[in-house]
Amino acid sequence: MKTTTARAIAYSAVALLAMAALRATPPAKPHATPAAAIAASPVPSRPVWVSYHDTLGRGESLVALLERRGIDGAAAIAALRQTESFDERRVPAGLALTIRGESTDATPSEAVLQFAVDRLVRLTRTAEGWRGVEEVIPWSTDTAVVAGSISSSLYAALDSAAEGVLPTGLRSELAWSLADILEYRVDMSRDLQPGDSFRVLFERGSTSTGAVRVGRVLAVDMLLSGDTVQAFRYDNGDAAGKGQYYDRDGKSLRAAFLRAPLEFRRISSVFGRRKHPIQGVWKTHTGTDYAANSGTPVRSIGDGSVIFVGTRGGYGNVVEVRHPNGYVTRYAHLRGFAKAARRGAHVGIGQTIGYVGMTGLATGPHLHFEVLVNGKQRDPRTALTSKTGVALSAGDQKAFRELRTQLLASLDGLLGPDSGSTRLALAR
């Protein structure tokens, strides 16, 4: 009995010790993959796409440009021909090309050719070859007001006022638009004086790619030597839907004469006393000199008949035009004559009759322009002043007045109280 009891006690002690050992032993960790084995396992690779740019070089063909970038030129041109507007004869100089591929050394997978600021062709390489798709980039339009004061020239004033609104080149384009609109009322090269001011309401287009363009000029308000000159664009249904410009009273800005014989104007001398550049003596300068590059087209300032074409002393090559009101205009120092400039021929307002030169007594290329009334030279600034234009019909006057009110409100509302500021309307 004693022996049996002793054995039971011993077995119980062993069991308790075993349970304690099991509790003290930490659980086994799961099997871990060595780091070297992980590094050696394959990882799916992704292509790294890159883009690089090029342009069509001087005298380089489009095929040569494409092949220079690793594209089958003939196949790409065939794909381009599938697009509606591609014309091999009108590939713009400096054409921008963007290439995309897995690397600069791999065969490109995509090529984008920018044929215009709002038109491109995207070439994509497929199993069957290259495929071309034309993409038109939409324009959005907003309305802008630019205002400023003249200190030296309209160019300088617009360049300052339109900073941040238009790129530099487009600021000059806006200045030319103003000159074209007001060319019957204002000679932008002579009539502007320091302290004169302007406000211009115009449309501005832009694309998602950052391209900008100047749209239609809607209204102009200028203060010239204390006089207000205004222009409002209005479409009365005539001229195939093209809007014309009218003054505040609804009279067309068009008159019998243009204010200047050159479309691109820069004056070197005005009517009055000056020292002759060659003869070296003071004499009355019976006209106006417009300095311009040799070959610049010279236009007749009004309808009329050519009464003289030829050489005349210090004037050099000359064209004279007689107008219906009896005025005669003279264009001198010409390099050559246009085909329209034939004695007895009729010429229209704005028609090219010659080209700027330096024949006769001239030290440099320029146009000498005169206006003769009853055979006597008159100051073109006063002789050509004409504020009469054809008025809108009674049926158009009401609609015009309503539009004029809206445009003037836009000039005031977009500009704000600060006359030197420039603000934009919301995009439409």
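Predicted, not measured: the structure shown is a model, and the values here were computed from it. FYI, side chains are in, hydrogens and waters are out, and symmetry mates aren't considered; it's all heavy atoms of this structure.
A salt bridge does not link Glu173 with Arg213: every distance from a Lys NZ or Arg NE/NH1/NH2 to an Asp or Glu carboxylate oxygen is 4.0 Å or more. In summary, Arg381 and Asp187 do not engage in a salt bridge, as defined by a charged side-chain N under 4.0 Å from a carboxylate O. The pair Glu263-Arg299 does not meet the salt-bridge criterion, since no charged nitrogen lies less than 4.0 angstrom from a carboxylate oxygen. Ionic pairing of Arg185 and Asp191 is not present here: no N-O contact between side-chain nitrogen and carboxylate oxygen is shorter than 4.0 angstrom. The existence of a salt bridge linking Arg122 and Glu134 is excluded, since no basic side-chain nitrogen approaches an acidic carboxylate oxygen closer than 4.0 Å. Using a cut-off of 4.0 Å between Lys/Arg side-chain N and Asp/Glu carboxylate O, Arg254 and Glu183 are scored as not salt-bridged.
The aromatic rings of Tyr331 and Phe369 lie tilted to each other, with the angle between the two planes from 30° to 60°.
The only member of Val319, Leu334, Val309, Thr329 that meets side chain to side chain contact (heavy atoms under 4.5 Å, CB included) when paired with Ile353 is Val319. Looking at Leu97, Leu120, Thr98 one by one, the single match for side chain to side chain contact (heavy atoms under 4.5 Å, CB included) with Gln114 turns out to be Leu120.
Taking the centre of each ring, Tyr290 and His366 stay at or above the 6.0 Å mark. The distance between the ring centers of Phe232 and Tyr246 does not fall below 6.0 angstrom. Aromatic rings of Phe337 and Tyr355 (six-membered ring for Trp) have centroids beyond the 6.0 Å cut-off, not under it.
For the 3.5 Å distance criterion, the side chains of Tyr315 and Glu370 qualify, holding a donor opposite an acceptor.
Across every non-hydrogen atom of Leu80 and Thr83, the tightest pair is O-OG1, 2.5 Å.
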